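Every heavy atom of this structure was used, including side-chain atoms; hydrogens, water molecules and symmetry mates were not. Keep in mind that what you see is a predicted model, and the values were worked out from it rather than measured.
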Amino acid sequence: MAALIEKAKSTIGLAKKYWHEPPKGNYISYKEIASLSGAGFGVYWATLLPMAIALNASNFLVGACIGLKPMDLQIMLNIANIIGIPLGIFRSWYYDNHKLKGGKFLPFIQMSVVPMVLVSTIFVWLPYESFSYILKAIVVEIMYLLLNVFLCFYNESYTYFQQIITPDAQERTTVMSISQVIYSLAPTITNLFIPLLAVLTGGLNNIWTYRIIYPIFTVIGMFISLIFFSKVKERLVLPKKKLEPVRMFDAIREVAKNKYYWIIQSANWVVFLESGYGVVLGWSFVYAFGGKYQASLGIANTVIGNAALWSMLLAPIVIKKIGKRNLLITANAINVFVLLALYFVYENLLLICVIWYINTFINTFWNIVQHNINADMRDYHQWKTGVRVDGLFGPLGMIGTVIGFFTGMVYPAVYEKMGLLEDYNVLYDDNIRNNLFEVLILLSALGAFLNLIPFCFYDLTENKHKAYVGVLKIRAMFENYSLGVLEDDELKDVMAIILQAKELFGKEKLPLDKSELKSARKMSKKTQEEKELRKEAIKSAKKKLAEIKETNLAIERASIIIEDLEKFTTEAGIRRVLNAKEDFAKGEGFVFDDAKNQLRIAKKLSRKTKEEKEIRANEIKRAKAKKEALALVKKYGKENIKEPNTFEKEEILNRETKNFKESMKQRKDLRAYLKKESIYLRVTKPYREAENLIEQSRNYTHYEELVEKYEALAI
């Protein structure tokens, strides 16, 4: 008891100490973590009703309550997805080209929540009882489309925001885990009370539940969301220069080269198959045993929801121990066996709950990890290309939407084949329901297996990511110094990274000898004094091992950091700069008529050593840029490719838009300008890349000056 009291006092002390200022090496204070937790609580309740509206047969509202057929719902969903493609592209473009006051994503969260709640409330209060089947389908489709305009902005903004609350991957995992532990109270409350309260409104398959109970929680969530999102902020590692608009197709060309993006997307393409089992719990309580256990679903959900708490608490520890990739593979592998076990026990409500508890524990890890791997992937992209892209990863993801048109037909076809049409009361029939469950569970187990395969090729470790972020900080430091906006704190932070890398670069990793720890654990513990000595010896041995592990990780990072820091002093780097000076001297109007020949020569270069491979890759990239420039000149004519007037762009960007029509006119004008600019920039890309490389190499020559400045600060 005394130990618990001491632990509580220590925790309170830490909270007070770091309430306003984050711990050393971190970015987020405890106060902001608390605000983020409150914001998450608000998000869950604010989206409770909007998320309860979905065009699929497993949805109680549009399926059981309104009475639409499974295949009709899937066709309606496909129509909505087709219409959603240009809307999704617009959102993605808008994110990366309109940084509003307050951040890149936060303003969209705050602006979209009120109309989202309003539209969803109107949706459920429409008199579907008096509508014909066709009219019901049309009204549901129109309202769903309108709702998604705001819901997608809200959900995507919140997802992207979580990925940039801190540039440190491990801190992000810890912060998200803590905040999820706190705001998991939101689903705990709703999962417990909504099924209980639903008894008063006719049950979960009665529309009055969604007209009366759900809106209450949703409106409260809206106000909580608005309050707490005003107390958090975004953090991106970028130079302090004005961000230029990003043309969608230019961004897509770069995003398509990101290997980690395709790994994540390919996993998402098969995740639909894993979701089939999701109806088993709810339908078992609502329809099995004549529906007499429906009110108990709330208690079951509350107990099962507790499993997520342990995952949230363990996630930072497990990720630190085995990494995000290994966690994803392990979790999916376990889930395959869990789903197969469900196949044999789905007729027993108690055993279903046990299986669901394990499944929730496993799946919650994925919910935490998915935000982190997407954030890591974006940081990797920025390191690789030098361009920060967030929203414009979305348009390329529309490939998954198109694939979904076909994969989405799988489960509706299964439902109708097994006898489930617009009358959901057939689920009270044990034979129909059980046969359907068996098929859904087996398909889900197959989906879980397919989902883990792509991550076997995911090798972006936490340590690599940390090194990439370090490089981004170094690049930003040099650029900010050249712009005259480098701050002392930034200099101290970055120089600490560089000095550690220089100290460890080229060193061999230390052997991880566990003999001291093993000896400590074998020490006698008969008396209290011996117990204390043993405890201290184990603690000391573990500390030494942790220090060795961290040193070895720092040695790994050092090679990536020093490689970037000294990239202009290697043979490949020197050659790049010389080539850049040659291209720059030709001027931006030069037409590379021999580009195809240069590309052929580049591809024939030797690639036996690492240095030769780098030289060859650089030459191929350089030749491809020239080839693309030549193709554009031939397509549009040299006389028609002119540098756009930057004053025109400034006028468009600075134009005040008072309404949606003016905003769309601004978007249209900017799109037309950016197309002309894109053509011009791609034609002059060899010249501009040469200029940028020369400028960057010049910036890196200021290193000694920065060292002197840093040493002066240390005095």
Side-chain angles (χ1 to χ4, degrees), residues 21-28 163-175 235-241 320 323 372 375-386 388 460-483 485-510 546-570 573 696-715:
E21 293 294 328
K24 187 177 179 181
N26 286 7
Y27 295 83
I28 305 177
Q163 294 169 5
I164 59 171
I165 51 175
T166 169
D168 185 274
Q170 188 61 41
E171 184 187 16
R172 183 167 54 240
T173 302
T174 303
V175 168
R235 295 168 180 87
L236 281 171
V237 180
L238 292 169
K240 299 181 182 70
K241 64 180 180 180
K320 192 172 183 179
N372 283 278
D376 292 354
M377 178 264 292
R378 283 162 168 78
D379 290 335
Y380 163 81
H381 185 81
Q382 186 182 350
W383 167 80
K384 188 77 173 176
T385 67
R388 179 72 192 192
L460 181 54
T461 65
E462 285 67 27
N463 203 44
K464 274 188 186 178
H465 173 263
K466 190 172 183 178
Y468 295 154
V469 171
V471 170
L472 293 177
K473 289 181 177 182
I474 291 168
R475 293 174 185 172
M477 176 190 72
F478 281 123
E479 190 161 349
N480 288 337
Y481 182 67
S482 68
L483 294 170
V485 292
L486 180 64
E487 296 177 358
D488 291 345
D489 287 342
E490 181 184 359
L491 176 61
K492 290 177 182 177
D493 179 36
V494 178
M495 286 305 299
I497 295 170
I498 293 173
L499 292 176
Q500 183 192 47
K502 279 185 168 291
E503 181 186 348
L504 297 175
F505 180 65
K507 289 189 176 180
E508 292 290 330
K509 288 186 180 180
L510 302 173
E547 288 173 353
I548 291 170
K549 286 178 182 178
E550 180 50 44
T551 300
N552 288 341
L553 290 173
I555 289 171
E556 285 181 13
R557 295 194 301 271
S559 60
I560 296 174
I561 291 166
I562 298 302
E563 185 178 317
D564 189 84
L565 191 66
E566 298 181 351
K567 61 187 174 184
F568 297 114
T569 63
T570 63
Q696 194 179 70
S697 66
R698 191 178 297 123
N699 287 342
Y700 274 50
T701 62
H702 296 305
Y703 176 70
E704 295 302 330
E705 296 171 39
L706 288 166
V707 170
E708 290 178 11
K709 186 176 174 64
Y710 170 74
E711 290 174 348
L713 290 172
I715 296 174

Kindly indicate, with the supporting measurements, whether the criterion side chain to side chain donor-acceptor pair (under 3.5 Å) is fulfilled by Y468 and Q382.
CA-CA 9 Å; Y468 295 154; Q382 186 182 350; over 6 Å; no
Scanning both residues in full, the closest heavy-atom pair of Q696 with F568 reads OE1-CZ, 3.4 Å
The salt bridge (Lys or Arg N to Asp or Glu O under 4.0 Å) partners of E547 (sequence neighbours excluded) come to none
Heavy-atom distance under 4.5 Å between the side chains of I561 and F505, does that happen here?
no
Do other residues, nucleotides or ligands put more than 12 heavy atoms under 6.0 Å from the CD atom of E705?
yes
Distance-only check: which donor-acceptor pairs under 3.5 Å involve side-chain atoms of residues 493-503, not counting sequence neighbours?
residue : atom : partner : partner atom : Å
D493    : OD2  : K473    : NZ           : 3.3

For the residue pair K709 and D488, establish whether any side-chain heavy-atom pair is separated by less than 4.5 Å.
yes
Go through the steps for N699 and Y481 under the test side-chain contact (heavy atoms from CB on, under 4.5 Å), then give the verdict.
CA-CA 8 Å; N699 287 342; Y481 182 67; over 6 Å; no
List the residues meeting salt bridge (Lys or Arg N to Asp or Glu O under 4.0 Å) with K466, not counting sequence neighbours, and say none if there are none.
none
Is a salt bridge present between D376 and K464, judged by a nitrogen-to-oxygen distance below 4.0 Å?
no
When rounded to the nearest 0.5 angstrom, what distance separates CG in L565 from CD in E563?
11.0 Å
pair E487-M477: side-chain heavy atoms closer than 4.5 Å:
no
Before you tell me yes or no, could you show the steps for L486 and E490 under side-chain contact (heavy atoms from CB on, under 4.5 Å), namely the whole-Å CA-CA distance, both residues' side-chain angles and the distance that decides it to 0.1 Å?
CA-CA 7 Å; L486 180 64; E490 181 184 359; 3.4 Å; yes
I want to check something: taking the side chain as every heavy atom from C-beta on, are R475 and L472 in contact at a cut-off of under 4.5 Å?
yes
Of all residues at least two apart in sequence or in a different chain, which pass the side chain to side chain donor-acceptor pair (under 3.5 Å) check with Y380?
none
ring-ring contact (aromatic ring centres under 6.0 Å, His included) against F478, all qualifying residues, sequence neighbours excluded
Y700
side-chain hydrogen bond (donor to acceptor under 3.5 Å, both in side chains): which pairs involve residues 548-558, sequence neighbours left out?
N463-E556, N463-R557, K509-E556, E550-R557
In terms of heavy-atom contacts, M377 and L460 come closest through N-CD2, 4.1 Å
